[in-house]
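Right, one structure below, let's go through it.
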Amino acid sequence: MVGDLNASFAAPMGDDAEVHSDLDLVVGHGEPQRVGRFHYWLGEQRWEWSDNVARMHGYEPGSVVPTTELLLQHKHPEDRAEVAAVLARVIEGEPFSSRHRIIDTGGQVHWVIVVGDRMLDDKGTVTGTAGFYVDVTTVLQADVSAAVSEVAQSRAVIEQAKGVLMVAYGISAERAFDILVWRSQETNIKVRDVAARFLAAFTGKLPSEVLSDLDHTLLTVT
């Protein structure tokens, strides 16, 4: 995507309308809530934020004048040095892309992707940088949540299979897990899948006498 953006900015740009037209090729017409535009004018050393970029940083639109210092203040401390190097390229009017964290005025951390390229006048002279922010926090959180959920589900299945083996063979949880790992290696199937298939094959198939003993034990245990 960065390559396409760079290509679209390669043509000389005379005014702000042309910059918006080129950006529309990337982000589409209008600005979705989590996408915002920016400009940096070299001659005036002046930043411009769209309303959405201001909101990403925790400001009401028009309530703050963005500066390089302000941008750095909002960068996550662990990303600040890297972003400072990127901003140095912006100030020189060079194309760039960066993925980093910002901290808004309320202390909330946002993961953002920032992409920019040169603005040129009719003579081909670099006049600044234009580009866009994309707030990808929700996407990343969703990915993390899905991964955590999958781990939790996998763990539950494995624990159930371990429990069956522990009761059946009178062994420890560690030894039961070793058995599942051994079968995983023998069959080239993930431990989670071995556990799930084992449980599926075993569920509801206990002999009646075993079920009777189980029922008796369950009802008489104190």
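Relative orientation of the Phe96 and Phe38 rings is tilted, given thresholds of 30° and 60° on the angle between their planes.
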Q.
Under the criterion side chain to side chain donor-acceptor pair (under 3.5 Å), I'd like the reasoning laid out for Thr67 against Trp47: C-alpha separation, chi angles, the key distance, then a yes or no.
A. CA-CA 6 Å; Thr67 64; Trp47 290 91; over 6 Å; no

Q.
Checking Met119 against Tyr40 for the side-chain contact (heavy atoms from CB on, under 4.5 Å) test, could you report, in this order, the C-alpha distance in whole Å, the side-chain angles of both residues, the deciding distance, and whether it holds?
A. CA-CA 9 Å; Met119 292 190 297; Tyr40 177 74; over 6 Å; no

Q: Evaluate side-chain contact (heavy atoms from CB on, under 4.5 Å) for Ile102 paired with Asp135, printing each intermediate quantity in order.
A: CA-CA 10 Å; Ile102 63 175; Asp135 187 333; over 6 Å; no

**Q.** From CA spacing to verdict: side-chain contact (heavy atoms from CB on, under 4.5 Å), Val181, Gln185
**A.** CA-CA 6 Å; Val181 172; Gln185 294 171 343; 3.8 Å; yes

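One finds the OG1 atom of Thr129 at 10.5 Å from the CH2 atom of Trp41 (value rounded to the nearest 0.5 Å). Note that CG of Leu70 is 4.5 Å distant from OH of Tyr59, once rounded to the nearest 0.5 Å. Atom-to-atom distance recorded for Asp193:CG and Arg183:CZ is 13.5 Å, nearest 0.5 angstrom. The line from CD of Glu60 to OG1 of Thr105 is 9.0 Å long, rounded to the nearest 0.5 Å.
Between the side chains of His110 and Asp104, at least one donor N or O sits under 3.5 Å from an acceptor N or O.
Considering all non-hydrogen atoms of both residues, Ala161 and Leu180 come closest at CB-CD1, 4.0 Å. Heavy-atom minimum distance, Thr137 versus Val109: CG2-O, 4.0 Å. Of all the heavy atoms in Pro61 and Asp51, the pair that sits closest is CB-OD1, 3.2 Å. Lys162 approaches Ala173 most closely through the heavy-atom pair CE-O, 3.5 Å.
Side-chain contact between Phe132 and Val115 is present, with heavy atoms from C-beta onward closer than 4.5 Å. Annotation: side chain of Val35 is not in contact with side chain of Ser50 (no heavy-atom distance under 4.5 Å). Proximity of Glu48 to Pro66: side-chain heavy atoms (C-beta onward) are nowhere separated by under 4.5 Å. At least one side-chain heavy atom of Lys75 sits under 4.5 Å from a side-chain heavy atom of His100.
Electrostatic pairing of Arg80 and Glu82 does not count as a salt bridge here, judged by no charged N lying under 4.0 Å from a carboxylate O. For the pair Glu78 and Arg101, the salt-bridge criterion is met [side-chain N within less than 4.0 Å of a carboxylate O].
Legend: ring-ring contact (aromatic ring centres under 6.0 Å, His included) pairs involving residues 163-200, not counting sequence neighbours, sorted by first then second residue: Phe198-Phe202.
Annotation: Trp49 is in aromatic contact with His57 [ring centroid separation under 6.0 Å].
Under the salt bridge (charged side-chain N to carboxylate O under 4.0 Å, His left out) criterion, Arg175 pairs with Asp178, sequence neighbours left out.
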